[in-house]
Amino acid sequence: MFADIAVPKSAPEPLTYRVPKELMPFTVPGVRVRVPLRKRFATGVVVGISTTTDLDPDSLRPIEEMLDDAPLLPKRLMETAAFIATHYRCPLGTTLAAMIPARLFRADAEEAELTPAGAGSDLETADADVTALLDVLREGRTLKVPTLLSRAGISGRSALERAADLGWIRIRRRRRDHAPQIDVTAYRLADLPEEALLDACRRAPRQRQVVRWLTAEARPALSSEITAATGCSASTLRAMSSKGLILKFTQRKAGRARWSLSPSSERHRLTDEQRTAVKAIDAATAEGGYAPFLLHGVTGSGKTEVYLRCLETVLAAGMGGIVLVPEIGLTPAAAGAVTQRFGRATAVLHSAQSDGDRWREWQRVRTGEARIVVGPRSALFAPMDDLGLIVVDEEHDSAYKQQEAPRYHARDLALVLGRDTGVPVLLCSATPSAEAEALVRRELAAKLELRHRVAGNRLPEVALVDLRQEPPEEGEQGRTLFSRPLKNALAETIERGEQAILLMQRRGWAPVLMCRDCGHRMDCPSCSVAMVVHRRSGDLRCHYCGHHRAIPATCPSCSGEMLDPVGAGTEKVAHHLRRLHPGIDSVILDRDTVRRRDGLETALGRFASGRAQVLVGTQMVAKGHHFPGVTLTGVISADALLNLPDFRSGERTFQLLTQVAGRAGRGDLPGRVIIQTYYPDHPAVLYACRHDVSSFLDEELVFRQAFAYPPAARLALIRFESKSAPAARRAAEAAVDAIGRPPESVRLRGPAPSPIERIRERWRWQILISARNRETLRAMLELAETPTVGKNVRRTIDVDPLSTL
Ligand code: ADP
Ligand code: ZN
């Protein structure tokens, strides 16, 4: 018997091994095995078994050891892996590596220890290297192999193996223990009346604030929450704790501890629309079988409550559910709602988790302790049996597409998985993707609509400001950051003590630094893009490769001294805001914020608690947040995405504007939105103003049809990257030649330089192929892959690409 084994860490394509007789009964697809690979052992997964092989059986090495007594991945996930490998053209090993926590493939630590024979042996027969090893071990007794080798000054393992063969040392593999535990600190008020507590910190206003805040919250809170909400420091809390005013406790930070202390989610009485939607999905769950739904609900219509109820039904029926969210770090709210509703039955899986946490949560799913899994795209691979429902929240979000191999799209895969497993799949969005809408129109999915916001509040009113009509900002090369209507609305909002969100799609101070004398633009030396000016850190940065340098004092081209930061980013908007309203507190939310430790929690905490009145940020501010105090949303410029040469730029703009508009007026007070643009007639902008999703999609689908773009066609992007521009071009041309004359229905675009021609010193060429169906597309890709590419060219295939830049 022979087994094909994927060894993710070492070999992308599966390798064939012989199965020793005693292991035959246990060798089934999905179990991990230890196999010899070159001079070491590696961990792999059995992906196929056969009784014959084309290879010479005597040349095959045997499986060394079984590591699991039952498949790690259920059968349906092994099938999913195979589907991903073929559809997205990715080796099976790489695919499995993306599906299974890394820890399960990690080599175990090896330790060497002296045997009694080695301790007392006659060293005359030992060579110099072995002697050196034994000498080191006499002092250390048991040592990790790499430590031992480096102390003995030996490279390579041959001496080690000789010493082991002679019986002088023993090499043991030790399973690595779990990652170190991290503690989080939380506080609660001491059991005293509020007056007594306040009295005890009469002369300490910060401390009184903490007492008041904790009283109002009526729950324990994480120290990071308290400092963010009250502005006190950690030392204030320590002082209060030592006075006995608050009690400190610590708990282990598991994946979900972060949310477990938040107020518990209420179980709302459903609105009629919500009830209708829940009923339809529950009926499908009861019946069993594949049933795709698109839940299209306007922003603030309570989509979360709908799927929470459906998950309750699934749990009650003894099944489990998977909830996908775009990026757990950026939108803790949805994951939090699930964890609060289902408590210990929830597992949170995500890639930013420590290896240990992720693995623990994964195990809880595997053992059946956790029945609801919430996480970003990879949570789809949670090893759950008896799956009853898959929910894809914010299905339009581009974070569902993985940008490295395997380049899968989790929404599409959720549908495939739902079909193969026979379970309902619920896609949710306020701005459905063209793909989801097309499913509904082709009657491949049922649409459920929530047309009204809960609690009867209305969608905000949207006003367009034509920036061509506005007086330019001083020192901004004729541009306007804050138009008169936006300034007025902002002033009113601030005066009334309400909150505002300002959307500015670029981070940093300004996207370009330009010489006023000669027009020279500071570009990245390795990429064909401008370096972004960052004032806070005082440097120029390339957002593609990370290259950075100090802001030059003079122009490198003409030595002129007038260097102008052209355009604006979040830093500049926040700066102008402070000039307009010097007294107010504002926060910036963008990728620079998130990169700082606790940056996101602090920023969101300050805004949620009302301490900051204005939130300035990139598209991150548009992600599913629920801030009831926000009554104004201002879009500084709607145009950033519109100018991108990508067929999804209109859709992206529409979604972003609609989503960010949806952050206003979610509480008791009505909201309004001001969108500034130089293209007031663009359909994406106009439809967003009217909250008219279906007319936008009508028009968008016609455009996609006319130009053979998804969802009207299947698309693939083949990219060739090389430090040599001609090599990249030649490889792209060879691929097109290999395709030859494609069938009528196939549309080839390229070879052409990618819109961003160079990144990280690599020139980029590309071909876009649209085909009517998956099979034709695959045939084209197979042809395009036939020419071998040189070592200096990297070829990547992106099936169903989200971006063609
Ligand atoms: P969406 O995702 O559709 O934008 P959310 O699910 O975030 O909306 O819900 C918005 C708010 O409305 C949340 O605070 C939620 O708790 C609340 N909510 C949901 N359903 C109801 C209901 N039936 N009655 C009252 N409030 C509700
Ligand atoms: Zn760069």
Side-chain angles (χ1 to χ4, degrees), residues 262-278 294-312 323 325-326 331-338 340-341 391-397 426-432 448-460 508 511-512 521-532 534 539-549 608 622-630 633 655 658-668 671 691 693 721 723 756-764:
S262 312
S264 70
S265 82
E266 292 167 61
R267 204 160 164 283
H268 299 284
R269 234 186 88 86
L270 297 180
T271 63
D272 289 345
E273 288 181 329
Q274 284 176 320
R275 191 168 310 114
T276 310
V278 171
L294 169 61
L295 176 65
H296 175 198
V298 299
T299 53
S301 58
K303 293 182 285 295
T304 314
E305 187 63 36
V306 170
Y307 67 70
L308 290 177
R309 291 297 179 98
C310 298
L311 290 168
E312 287 177 5
V323 183
V325 294
T331 48
V338 177
Q340 281 155 23
R341 184 69 52 96
V391 178
V392 185
D393 197 9
E394 311 286 358
E395 64 81 22
H396 64 276
D397 200 295
L426 177 60
L427 311 179
C428 306
S429 179
T431 51
L448 305 167
E449 285 190 275
L450 308 178
R451 295 168 198 273
H452 304 283
R453 285 187 156 182
V454 291
N457 56 13
R458 299 248 301 270
L459 281 173
V512 174
R521 189 179 88 160
M522 300 320 135
D523 277 353
C524 173
S526 326
C527 313
S528 55
V529 296
M531 304 264 287
V532 177
H534 285 256
D539 55 6
L540 292 179
R541 290 182 182 204
C542 172
H543 286 185
Y544 285 84
C545 73
H547 174 78
H548 56 96
R549 53 165 293 184
K623 304 243 175 206
H625 307 292
H626 182 67
F627 301 119
V630 174
T633 299
Q655 289 170 345
T658 308
Q659 291 287 349
V660 76
R663 299 312 113 203
R666 291 169 76 94
D668 298 332
H691 305 288
V693 180
E721 294 168 274
K723 290 200 171 159
I756 300 168
E757 281 182 54
R758 200 167 70 114
I759 293 181
R760 289 176 199 275
E761 296 183 350
R762 287 206 171 82
W763 295 93
R764 309 162 81 232

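Atoms within each ligand, like the ligands themselves, are counted from 1 in listed order. In this chain, numbering begins with 1 at the start of the sequence shown.
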Sequence neighbours left out, what passes side-chain contact (heavy atoms from CB on, under 4.5 Å) with Val693? Give chain and number order. His296, Pro432, Phe654, Leu697
Taking atom types as modelled, is there a side-chain donor on Thr299 or Arg453 under 3.5 Å from an acceptor on the other? yes
Using distance alone, decide if ligand 1 has a nitrogen or oxygen within less than 3.5 Å of any nitrogen or oxygen in Val454. no
In ligand 1, which numbered atoms sit nearer than 4.0 Å to a non-hydrogen atom of Val298? 3 (O)
Would the distance check show the side chain of Glu395 and the main-chain N or O of Val392 forming a donor-acceptor pair, the cut-off being under 3.5 Å? no
Tell me, please: is Gly297 in heavy-atom contact with ligand 1, that is, under 4.0 Å? no
Just jot down the ligand 1 atoms closer than 4.0 angstrom to any heavy atom of Arg269, in number order. 22 (C), 23 (N), 24 (N)
Count of protein N, O or S atoms below 2.8 Å from the Zn ion (ligand 2) equals 4
Under the side-chain contact (heavy atoms from CB on, under 4.5 Å) rule, what do Arg309 and Glu305 come out as? Steps first, then yes or no, please. CA-CA 6 Å; Arg309 291 297 179 98; Glu305 187 63 36; 3.1 Å; yes
With distance as the sole test, does Glu394 use its side chain to make a donor-acceptor pair with the main-chain N or O of Lys623 at under 3.5 Å? no
Scan side-chain atoms only and decide if His626 and Arg666 contain a donor-acceptor pair under the 3.5 Å cut-off. yes
Is the shortest side-chain N to carboxylate O distance from Arg341 to Glu312 below 4.0 Å? yes
With heavy-atom distances below 4.5 Å as the criterion, would you say the side chains of Val529 and Cys542 are in contact? yes
Those atoms of ligand 1 less than 4.0 Å from some heavy atom in Thr271: 23 (N)
Does some side-chain heavy atom of Leu295 sit less than 4.5 Å from a side-chain heavy atom of Leu427? no
Backbone N/O of Arg758 and side chain of Ser528: donor-acceptor pair under 3.5 Å: yes
Do Lys303 and ligand 1 have an N or O pair less than 3.5 Å apart? yes
Within the structure, is a non-hydrogen atom of Arg453 found at a distance of less than 4.0 Å from ligand 1? no
Note: ligand 1 atoms sitting under 4.0 Å from heavy atoms of Ser301 are 1 (P), 3 (O), 8 (O)
So, does Lys303 use its side chain to make a donor-acceptor pair with the main chain of Gly297 at under 3.5 Å? yes
Ligand 1 atoms in contact with Thr299 (distance to a heavy atom under 4.0 Å): 4 (O)
Nitrogen or oxygen of Gly302 less than 3.5 angstrom from that of ligand 1: yes
